Amino acid sequence: GAGVSQSPRYKVAKRGQDVALRCDPISGHVSLFWYQQALGQGPEFLTYFQNEAQLDKSGLPSDRFFAERPEGSVSTLKIQRTQQEDSAVYLCASSLRSRGIGYNEQFFGPGTRLTVL
Amino acid sequence: QKEVEQNSGPLSVPEGAIASLNCTYSDRGSQSFFWYRQYSGKSPELIMSIYSNGDKEDGRFTAQLNKASQYVSLLIRDSQPSDSATYLCAVKSGLGKLIFGQGTELSVKP
């Protein structure tokens with residue numbers, strides 16, 4: 001079946017521009033996560049949705065970062081007034097649920113590589 | 001101290017050997033542990049999950065968990081050049097987020 005999809009795969013933005021990154025989770029997956037991965041590092045958590053509810057946004061680095069999942073399926077991560085330090089790969093992952101053995105495994109999309117000039 | 005720590009690679013093993021990747025974590029209450037493989041320029045791919053103490057085997061991969069020592073490992077038997085990648089250890093925390101280690105780069109030499 002179809003996995004997690006993300007678009008665009010690559011995005012180049014000028015400093016100060018706003019960007020929007022899209023994630024389509026696996027069909028039926030309740031939980032959706034956004035991570036940020038810098039070169040040579042492991043992914044770092046940004047935010048978590050259960051259906052349409054954003055239950056954890058503790059990892060968002062500043063108020064320039066905003067995420068939504070209005071209908072409990074597709075999610076959008078928006079970054080306003082991009083800065084050079086926002087350059088990274090943004091990964092989306094989904095899982096059937098957030099808890100429960102065998103149900104909380106997270107599957108990642110291909111990521112969006114953001115470069116801010 | 002980082003929440004999840006891994007061997008600082010790179011780790012180089014000859015083809016056919018056993019590769020051993022290690023990970024320690026700081027949250028004693030953690031219950032779910034995962035190993036991901038990440039090829040260069042690609043996204044993480046789940047290869048193993050483990051929830052209880054002991055060993056879990058899946059093909060050439062064996063995950064080992066010791067909650068008392070807060071230690072997780074991944075063994076890759078009969079290593080192949082195609083196993084060359086970065087291996088990420090992840091621990092579930094809080095409401096479901098994963099805390100990742102920095103990853104260990106594995107190189108399998110033919």
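Here the structure is a predicted model, which means the values were calculated and not measured. Here is the naming used below: chain letters follow the sequence lines, and residue numbers restart at 1 for every chain.
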Gln106(A) side-chain N/O to Gly96(B) backbone N/O, donor-acceptor pair under 3.5 Å: yes
Taking 4.5 Å as the heavy-atom cut-off, does anything in residues 98-110 of chain B contact chain A, and if so which residues? Leu98(B), Phe100(B), Gly101(B), Gln102(B)
Spell out the residues in residues 58-79 of chain B that have some non-hydrogen atom less than 4.5 Å away from a non-hydrogen atom of chain A, in order of number; otherwise answer 'none'. none
Which atom names give the shortest non-hydrogen contact between Gly42(A) and Leu88(B), and what distance separates them? CA-CD2, 4.0 Å
Taking all heavy atoms of Leu95(B) and all of Asp56(A), pick out the closest pair and write down the distance. CD1-CB, 4.2 Å
Validation: residues 9-17 of chain A side-chain donor-acceptor distances under 3.5 Å, sequence neighbours left out:
unit_1, atom_1, unit_2, atom_2, d
Arg9(A), NE, Gly111(A), O, 3.3
Gln17(A), OE1, Lys14(A), N, 2.7

Residue list, ring-ring contact (aromatic ring centres under 6.0 Å, His included) with Phe49(A), at least two apart or on another chain: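 Not a single residue meets the ring-ring contact (aromatic ring centres under 6.0 Å, His included) criterion with Phe49(A).
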Report the option among Gln41(A), Gln37(A), Arg113(A) that has the most heavy-atom pairs separated by less than 4.5 Å from atoms of chain B.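 Winner by heavy-atom pair count: Gln37(A).
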For Thr47(A), is it the side chain, the backbone, both, or neither that has a heavy atom closer than 4.5 Å to a heavy atom of chain B? neither
Group every Ile, Leu, Val, Met, Phe, Trp and Tyr by side-chain heavy-atom contacts under 4.5 Å, then state whether [X] and [Y] land in the same group.
| X | Y | result |
| --- | --- | --- |
| Ile50(B) | Trp35(B) | yes |
| Phe33(A) | Val30(A) | no |
| Leu32(A) | Leu77(A) | yes |
| Leu60(A) | Leu21(A) | yes |
| Leu46(A) | Val91(B) | no |

Using the side-chain contact (heavy atoms from CB on, under 4.5 Å) definition, which of the options Phe45(A), Tyr48(A), Trp34(A) pairs with Lys97(B)?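 Testing each of Phe45(A), Tyr48(A), Trp34(A) against Lys97(B), the sole residue satisfying side-chain contact (heavy atoms from CB on, under 4.5 Å) is Phe45(A).
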Report the distance from atom CD of Gln38(B) to atom CG of Leu91(A), rounding to the nearest 0.5 Å.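 It comes to 7.0 Å.
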Any chance CG of Leu117(A) has more than 12 other-residue heavy atoms, nucleotides or ligands included, within less than 6.0 Å?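 Atom CG in Leu117(A) is crowded, with more than 12 foreign heavy atoms closer than 6.0 Å.
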Does Glu71(A) have more than 12 heavy atoms from other residues, nucleotides or ligands lying within 6.0 Å of its CD? no
Side-chain heavy-atom pair Val4(A), Ser43(B) within 4.5 angstrom cut-off: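 No. Closest side-chain heavy atoms not under 4.5 Å.
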